[in-house]
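Worksheet: one structure, shown below.
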Amino acid sequence: MSDREKVYQLLDIVPDYKIGYVVAYLQGMTEGEDAKPNAETLAAMKELEDGGGECFNTLDELWASLEE
C-alpha cells in the first residue's frame, strides 16, 4: 500500500472536528512549493556558500545582534 493510500484510509477515520487541522497542515505543507527565492535571498545564500555571513551559537546572541 502506498503512502497516499494510507493517507486516504486515515482520513476516513479522522473525526470531523479535527478535519480542519488536517486541512491547515496540508495547506502549509504544499504552500510555496513552486515559489522561487528572490534576488536578496539568492545573494544571501551565495554569501554563506562563499564563507561570509555571521553565525550565532545561541538564540540570545542572535537577538543581541539584532538589537544593535
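Throughout, numbering of the chain's residues begins at 1 and tracks the sequence. Fair warning: this is a prediction, and the values are worked out from it, not measured in the lab.
To the nearest 0.5 Å, atom CD of residue Glu68 and atom CG of residue Leu66 are 8.5 Å apart. Going from atom CG of Leu11 over to atom NZ of Lys6 covers 14.5 Å, rounded to the nearest 0.5 Å. Atom NZ in Lys46 sits 6.5 Å away from atom CD in Glu49 (nearest 0.5 Å). In this structure, SG on Cys55 lies 7.0 Å from CG on Leu48, to the nearest 0.5 angstrom.
Enclosure of atom OH in Tyr8 is not indicated, since only 12 or fewer non-hydrogen atoms of other residues, nucleotides or ligands lie within 6.0 angstrom.
Using a 4.5 Å heavy-atom threshold, the side chains of Thr30 and Leu26 count as separate.
Hydrophobic clustering, with ILVMFWY side chains joined whenever heavy atoms are under 4.5 angstrom apart, keeps Tyr25 apart from Leu10.
Judged purely by atom type and a 3.5 angstrom limit, Glu47 uses its side chain to pair as donor or acceptor with the backbone of Gly53. Judged purely by atom type and a 3.5 angstrom limit, Thr41 has no side-chain atom pairing as donor or acceptor with the backbone of Pro37. Listed for the Asp50 side chain is no donor-acceptor partner under 3.5 Å among the backbone atoms of Gly52. Glu5 contributes a side-chain N or O that, together with a main-chain N or O of Ser2, makes up a donor-acceptor pair within less than 3.5 Å.
The two atoms that bring Tyr17 and Tyr21 nearest to each other are O-CE1, 4.1 Å, heavy atoms only.
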**Asked** What's the verdict on side chain to side chain contact (heavy atoms under 4.5 Å, CB included) for Thr58 and Glu61, showing C-alpha distance, side-chain angles and the deciding distance?
**Response** CA-CA 5 Å; Thr58 66; Glu61 289 178 8; 3.3 Å; yes
